[in-house]
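Everything below concerns the one structure shown next.
For the numbers below, each heavy atom of this structure counts, side chains included, while hydrogens, waters and symmetry mates do not.
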Amino acid sequence: MRTSTLRRMGTGAAAAALLSVAACSGGGGDAGTAEKPAGDKVRTASVAALQQIRTKTGTVRSARIEGTTEMGGTVSMKQTGTIGWADGLTGSLTLTYTGGTMAKALKQGGGDGSVRARYLQDEYYADMGEAFAATIGGKRWVRYAYKDLAELGGPAGDLLEEQARNSTPEQGVKALLAAGDVRKAGQEDVRGVPATRYSGTVDVAELTGRNSALDAGQLAALKEQLSAAGVTTQTVDIWVGEDDLLLKKTERGETAAGAFSSTVFYSDYGTEVSVEKPPADDTVDFREILRQRAAGPS
């Protein structure tokens, strides 16, 4: 396998896996046809409710997730598993690539289109499968250190590292609080459970403290994160149960890489999340793979 192909697969797997946990955290979605209520009192009530939801979500610390993510023509995938955010991001997800250049690259490499991912505080591991392992000395697991993502991912690397360290459902609520048009959009059932829907659209160029419910520091951090990803606008929808916990989040927007969208369902809040590093003798660092391939035939 050529070094350039290996680099694309490896960096693509890292970016897609981190995109997956980012989708589980922050977001935007189609605001639908809900009417925008008039009056500051209505918006103030929505903001107050979202602040309470944000606080509650920040205390439960773990959940089971199921979702789908699409990013331009690069990635189309499903993700299932558990994530925790008690002390940084941890979790285990199974990512199934259903379309896009990433799915094509994995299948060309002999894979079945699925990758098991383990997230720890400072690193991320991907089980690339037996076919890929056969090209790198028989080791199935590839390690990516978050601190290396800036170099591996190019200009978007810093963003990937930031998302990996701060990917929690709470981030979706923060995005809504930054929207000047945040509103309660009615009552709907989510998989049979009554929920309240909130909607809002974030225009990155117009993010200011005038209409946002975030403080100046939080707003600046969000704007920097979105701008680094090439996001121009994103629309956020969340569905919240009677216990003030997210049941569903959708997002839709535009980035430098094309249109993106995701839908995530949350359940089993407080579930145990136990993640261990893969066996050392079955793991190789991605930087080491690149060094080996660069030194050998291309």
Side-chain angles (χ1 to χ4, degrees), residues 14-27 49-67 69 79-95 115-127 141 143-149 158-178 190 193 195 198 213-215 217-218 221-222 224-225 236 238-249 251 262-280 283:
L18 296 177
L19 172 65
S20 180
V21 291
C24 299
S25 61
L50 288 170
Q51 295 283 21
Q52 182 173 330
I53 293 164
R54 176 185 171 187
T55 299
K56 181 65 176 292
T57 303
T59 64
V60 290
R61 301 302 189 184
S62 65
R64 186 173 303 278
I65 69 100
E66 177 184 343
T69 302
Q79 61 263 25
T80 59
T82 57
I83 57 171
W85 52 94
D87 184 16
L89 174 74
T90 59
S92 298
L93 297 179
T94 297
L95 314 177
V115 173
R116 289 187 297 158
R118 296 183 185 179
Y119 305 90
L120 290 95
Q121 288 184 350
D122 299 313
E123 55 202 0
Y124 147 71
Y125 293 85
D127 179 356
W141 290 91
R143 173 186 178 269
Y144 302 88
Y146 293 153
K147 65 181 178 62
D148 294 335
L149 289 176
D158 287 337
L159 172 70
L160 291 174
E161 179 180 3
E162 180 67 18
Q163 288 180 331
R165 294 183 184 278
N166 296 283
S167 293
T168 73
E170 181 187 12
Q171 299 298 316
V173 183
K174 286 183 179 180
L176 269 179
L177 288 170
V190 176
V193 179
Y198 295 90
L214 300 180
D215 63 34
Q218 293 169 330
L222 179 63
E224 180 179 1
Q225 182 185 47
V236 184
I238 63 172
W239 287 257
V240 181
E242 296 177 352
D243 56 2
D244 286 336
L245 293 174
L246 271 68
L247 295 172
K248 176 184 175 182
K249 176 190 66 64
E251 67 179 291
S262 78
T263 299
V264 179
F265 293 91
Y266 301 93
S267 62
D268 295 339
Y269 279 97
T271 189
E272 182 179 355
V273 177
S274 179
V275 185
E276 296 182 354
K277 295 182 180 181
T283 302

Which of Thr57, Leu247, Leu50 passes side chain to side chain contact (heavy atoms under 4.5 Å, CB included) with Ile238? It is Leu50
Here the pair of heavy atoms bringing Tyr198 nearest to Ala49 is OH-CB, 3.4 Å
To the nearest 0.5 Å, atom NZ of Lys277 lies from atom CZ of Arg143 at 7.0 Å
Interatomic distance, CZ@Phe265 vs CH2@Trp239, rounded to 0.5 Å, equals 8.0 Å
- Query: Would a distance-only check, ignoring hydrogens and angles, find a side-chain to backbone donor-acceptor pair under 3.5 Å from Tyr269 to Leu246?
  - Reply: yes
Rounding to 0.5 Å, atoms CG (Leu93) and OG1 (Thr82) come to a distance of 7.0 Å
Are the side chain of Arg118 and the backbone of Glu276 linked by a donor-acceptor contact shorter than 3.5 Å? yes
query: Under 30°, 30 to 60°, or over 60°: which ring-plane class applies to Tyr124 and Tyr144, parallel, tilted or perpendicular?
result: parallel
Under a 4.0 Å threshold between the charged nitrogen and the carboxylate oxygen, would Arg64 count as salt-bridged to Asp268?
yes
- Do Ser62 side-chain atoms and Thr271 backbone N/O form a donor-acceptor pair below 3.5 Å? yes
Could you walk me through whether Tyr266 and Ile65 satisfy the side chain to side chain contact (heavy atoms under 4.5 Å, CB included) test, starting with their C-alpha distance in whole Å, then the side-chain angles of each, then the deciding distance to 0.1 Å, before giving a yes or no?
CA-CA 5 Å; Tyr266 301 93; Ile65 69 100; 3.7 Å; yes
OG (Ser92) and CD1 (Ile83) are apart, to the nearest 0.5 Å, by 11.0 Å
Taking every heavy atom of Lys56 against every heavy atom of Leu245, the minimum-distance pair comes out as CG-CD2, 3.6 Å
What I'd like to find out is whether the side chain of Tyr125 reaches to under 4.5 Å of the side chain of Leu120, using heavy atoms alone.
yes
Note: Val115 and Ala126 closest approach over all heavy atoms is CG1-CB, 3.8 Å
When rounded to the nearest 0.5 Å, the distance separating OG1 of Thr263 from NZ of Lys248 is 6.0 Å
Rounding to 0.5 Å, atoms CG (Asp127) and CH2 (Trp141) come to a distance of 4.5 Å
